[in-house]
Amino acid sequence: MSMLNEAGGGGSHTEIEEEEYYVKAGYIAVLALLLVYTMMGSFIEFTKMAYIHETGVAIILGMIISLFAKFFGYTQINDVLEFSESLFFFVCLPPIVFAAGYNMKRKKFFQHFNYIALFGILGTFCCFTIFSFLTGMLFYFQPMQKYNPELGTNETFTLTLREILLLCSLMCSSDVVAAVSLIDFQKEPKLFSMVFGEGITNDAVSIILFNTVFKYTGSTEKFTTQTVFKVFLEFSKLALSSVGCGMVASFACALCLKNMRFLTHSPVHETLFVFCFGYLGYMFSELFELSGIITLLTTGVLMAHYAWYNLSPQSKQTTSLAFGAIGFGAEAFVFAYLGLTFFSYTSYEWSWQFFIAEFFVIIIGRFLGIVGLLYVISFLLNHTRELSFKETMFLYCGGMIRGAIAFGLVLRLDHSLPNREVIITTSLCLVILTTLLFGSLMPILGKVLLKKEGEPSVDHGHAKKKKHNDQEMVEMNKSGSQDKSGDSSSFHEMMVHPNFEEADATIVQQKKKQNSCVKYFKQFDETILKPILIYKYTKERKEKQFEFFNMMVNKGAKLENKFASRDPQSNEEKKNMEEKLILDD
């Protein structure tokens with residue numbers, strides 16, 4: 001404490017040294033929160049706690065630290081940790097999106113892509129329209145009051161049309177991390193894919209929508225009926241161009257790994273090479289004012305589909321683990337950072353009226369834009385819904401959390417906007433409130449809405465396979481995984497990349513009737529693209545790789561236990577024993 005007092009007084013430190021001191025203190029707080037986030041996540045998963053999520057814990061602890069610093073007069077820490085839009089979009093967001101694309105369970109994602117597109121694209125546009133209409137009606141009937149901390153006075157304000165559209169476009173962005181963490185993919189593959197897909201698609205659409213609205217509602221542009229069509233055309237152009245940029249980056253990476261085999265001799269080098277290629281695509285996309293998040297998502301998905309097969313066996317596991325860990329760390333950093341920066345904006349204008357009103361606008365607007373949209377489309381097309389009402393409500397509630405992307409976008413608002421400060425404080429409060437409230441409620445809602453009475457498991461094949469693997473693990477633990485003290489060691493499931501997740505179902509899926517477009521694309525992919533982009537690719541070779549991997553997953557624990565229980569006396573005996581074990585199994 002004496003060191004803080006000395007630094008706070010500024011008597012013995014220069015101004016630069018003092019700033020460096022508070023930077024170090026701030027990042028120590030961030031790292032401490034990352035550790036707490038990781039521990040709480042593990043503890044909640046281990047104990048199946050149903051009343052809180054680690055994102056809420058990170059934000060609350062960050063707010064407490066920020067309040068402590070402000071209360072004791074160390075406001076420099078809050079100033080140093082002010083949320084940076086550049087830090088978020090160029091450092092924190094790329095690893096999260098890339099990991100989501102690279103480790104995506106693609107087969108289920110594209111199997112339910114019609115619903116994902118319905119909720120993630122059309123649903124986002126519907127929410128934007130409803131949010132804008134309801135917010136406009138609020139100010140049309142009743143101007144609101146905002147508080148100015150510098151003057152200590154309340155004053156009436158009304159948002160302009162441009163401010164309403166910008167606010168509602170960024171408020172469309174949702175965060176489904178809490179909802180996705182509660183769904184067991186083995187039991188609910190359909191719902192998992194829809195919730196995850198809607199979330200990642202919604203983020204991409206929201207960013208493009210915000211940038212497009214920002215461009216066509218500027219001071220030099222007049223908002224007319226033609227502006228709506230301009231926004232739609234600009235959105236389509238950005239989306240397609242961003243996908244194209246991602247395809248170029250992923251194909252280039254696959255070709256490099258295929259033709260430069262010296263790159264595959266070190267898992268460390270391979271992992272860094274793949275990550276840098278993905279990041280390069282993102283930066284090029286941002287440089288040319290495209291959508292970096294769509295580019296990076298496309299790059300991650302296509303790299304997993306092509307470049308992954310060119311990696312060494314070690315790197316196929318290493319890349320999945322490394323990108324997942326980096327993405328998890330970046331996600332934790334963002335939530336901790338949000339809490340730490342909360343009191344950095346106490347000098348900004350704010351309005352409790354506007355904050356409460358927008359909270360209910362989001363609740364009503366998302367219900368109409370997701371649940372209402374699904375039922376209207378089903379009625380008009382006479383289509384049988386694949387989602388029950390409870391599952392639809394879970395998807396609706398899971399997307400109620402306004403993510404950090406919303407707050408990152410709000411910091412891009414032009415300083416010339418008359419109500420910029422009140423929009424920023426309202427957005428920050430909405431992000432934190434929805435994260436704390438719905439992040440804590442999601443475990444309870446999951447138990448209520450996803451509970452299935454008298455229904456069999458959704459995926460019988462996966463359930464049987466998992467049960468069989470669990471029994472083998474239990475037997476192995478009973479026979480030889482206890483140490484001398486009697487404590488059983490922790491035995492975690494092998495990290496399986498989604499490329500292998502449904503290898504057993506390949507034959508079954510081939511028998512199903514497929515859409516002609518999908519059928520022709522798969523033929524083109526199998527006969528043209530994969531031979532060009534994958535090293536020594538043949539369909540038979542890939543199937544053998546799947547068979548070998550499944551053998552190691554199913555019988556690897558048993559082989560390991562047998563191997564460890566023997567004590568060969570020579571290298572020759574050891575070799576003979578290895579051959580015997582393989583033949584026996």
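Quantities reported herein were computed from a predicted structural model and do not represent experimental measurements.
Of the possible polar contacts, one joining the Arg402 side chain to the Met171 backbone as a donor-acceptor pair under 3.5 Å is found. Not one N or O on the side chain of Glu358 forms a donor-acceptor pair closer than 3.5 Å with the backbone of Phe355. No donor-acceptor distance shorter than 3.5 angstrom exists from the side chain of Thr426 to the backbone of Ile423, with no hydrogens or angles considered. Of the possible donor and acceptor atoms, one in the side chain of Asn202 sits under 3.5 Å from a partner among the backbone N and O of Ser174. Side-chain N or O atoms of Thr434 include one that pairs as donor or acceptor with a backbone N or O of Val431 at under 3.5 Å. No side-chain donor-acceptor contact under 3.5 Å links Ser250 to the backbone of Leu302.
The side-chain hydrogen bond (donor to acceptor under 3.5 Å, both in side chains) check on Tyr396 picks up nothing, with sequence neighbours excluded. Remark: Ser173 engages Asp203 in a side-chain hydrogen bond (donor to acceptor under 3.5 Å, both in side chains) (not counting sequence neighbours). Under the salt bridge (Lys or Arg N to Asp or Glu O under 4.0 Å) criterion, Glu349 pairs with Lys146, sequence neighbours left out. By the ring pair (Phe, Tyr, Trp, His ring centres under 6.0 Å) test, Phe273 is found to be paired with Phe277, residues two or more places apart in sequence or in another chain being considered. Scanning for side-chain contact (heavy atoms from CB on, under 4.5 Å) contacts around Ala117 gives Phe113, Ile121, with sequence neighbours left out. Taking the side-chain hydrogen bond (donor to acceptor under 3.5 Å, both in side chains) definition, one finds that Glu286 meets it with nothing, sequence neighbours left out. Partners of Thr299 according to the side-chain hydrogen bond (donor to acceptor under 3.5 Å, both in side chains) rule, which considers only residues two or more places apart in sequence or in another chain, do not exist here. Judged as a ring pair (Phe, Tyr, Trp, His ring centres under 6.0 Å), and not counting sequence neighbours, the contacts of Phe323 are Phe98, Tyr102, Phe275. Checked against ring pair (Phe, Tyr, Trp, His ring centres under 6.0 Å), Phe328 has the following partners two or more places apart in sequence or in another chain: Tyr37. For Phe342, the ring pair (Phe, Tyr, Trp, His ring centres under 6.0 Å) criterion is met by no residue, not counting sequence neighbours. By the side-chain contact (heavy atoms from CB on, under 4.5 Å) test, Ile294 is found to be paired with Ala204, Ile208, Ala239, Ser242, Val243, Ser291, Thr298, residues two or more places apart in sequence or in another chain being considered.
Across Asp414 and Phe214, no two heavy atoms sit closer than the pair N-CE1, 3.9 Å. In this structure, Leu411 and Tyr345 approach most closely via the heavy-atom pair CD2-OH, 4.0 Å. Considering every non-hydrogen atom in both Cys172 and Cys127, the closest pair reads SG-C, 4.1 Å. Scanning all heavy atoms of the two residues, the minimum distance from Leu238 to Glu289 falls at CD2-O, 3.3 Å. The shortest heavy-atom contact between Leu209 and Ser169 is CG-CB, 4.2 Å. Looking at every heavy atom in both residues, Ser427 comes nearest to Val410 through OG-CG2, 3.6 Å.
Taking OG1 of Thr392 as the start and CD1 of Ile370 as the end, the distance is 10.0 Å to the nearest 0.5 Å. With rounding to the nearest 0.5 angstrom, the SG atom of Cys397 is 8.5 Å from the CZ atom of Arg366. Taking CG of Leu93 as the start and CG of Leu296 as the end, the distance is 8.0 Å to the nearest 0.5 Å. Summarising the geometry, atom OG1 belonging to Thr435 is positioned 10.0 Å from atom CG belonging to Leu430; distances are rounded to the nearest 0.5 Å. Distance check, rounded to the nearest 0.5 Å: CG of Leu118 to CE of Met194 gives 9.5 Å. The distance from the CG atom of Asn211 to the CG atom of Leu166 is 10.0 Å, given to the nearest 0.5 Å.
Proximity of Cys429 to Phe359: side-chain heavy atoms (C-beta onward) are nowhere separated by under 4.5 Å. Taking the side chain as every heavy atom from C-beta outward, Leu387 and Phe119 approach each other to under 4.5 Å. Between Thr135 and Cys168 the shortest side-chain heavy-atom distance falls below 4.5 Å. Residues Leu413 and Phe210 have side chains in contact (heavy-atom distance under 4.5 Å, counting atoms from C-beta outward). Looking only at side-chain heavy atoms (C-beta outward), Phe333 and Leu33 stay at 4.5 Å or farther from each other. With contacts defined as side-chain heavy-atom distances shorter than 4.5 Å, the pair Leu257/Val274 qualifies. Annotation: side chain of Met39 is not in contact with side chain of Ser42 (no heavy-atom distance under 4.5 Å). Contact of the Thr124 side chain with the Ser206 side chain is registered, since non-hydrogen atoms from C-beta on lie closer than 4.5 Å.
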Item to complete: Carefully, step by step, assess Leu31 and Leu34 under the rule side-chain contact (heavy atoms from CB on, under 4.5 Å).
Response: CA-CA 5 Å; Leu31 290 172; Leu34 288 180; 4.0 Å; yes
Worksheet entry | Worked verdict on Phe389 versus Leu374 for side-chain contact (heavy atoms from CB on, under 4.5 Å) | CA-CA 10 Å; Phe389 178 75; Leu374 176 62; over 6 Å; no
Worksheet entry | Test log, rule side-chain contact (heavy atoms from CB on, under 4.5 Å), inputs Lys316 and Trp308 | CA-CA 6 Å; Lys316 288 176 180 177; Trp308 184 87; 3.6 Å; yes
Discussion item. Assess the residue pair Val334 and Phe88 against the criterion (side-chain contact (heavy atoms from CB on, under 4.5 Å)); give the C-alpha distance rounded to whole Å, side-chain angles, the decisive distance to 0.1 Å, and a yes or no.
Written reply: CA-CA 8 Å; Val334 168; Phe88 175 74; 3.9 Å; yes
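For Phe128 and Phe125, the ring centers sit 6.0 Å or farther from each other.
Only one option out of Leu321, Ile326, Leu311, Thr319 pairs with Thr271 in a side chain to side chain contact (heavy atoms under 4.5 Å, CB included); it is Thr319.
Residues in residues 31-41 take part in no salt bridge (Lys or Arg N to Asp or Glu O under 4.0 Å) pair, two or more places apart or across chains.
Cation-pi geometry between Arg412 and Phe89 is met: the NZ or CZ atom falls under 6.0 Å from the ring centre, inside 45° of the normal.
There is no side-chain donor-acceptor pair under 3.5 Å between Ser193 and Gln111. Defined by atom type and a distance below 3.5 Å, a donor-acceptor pair is missing between the side-chain atoms of Thr318 and Glu270.
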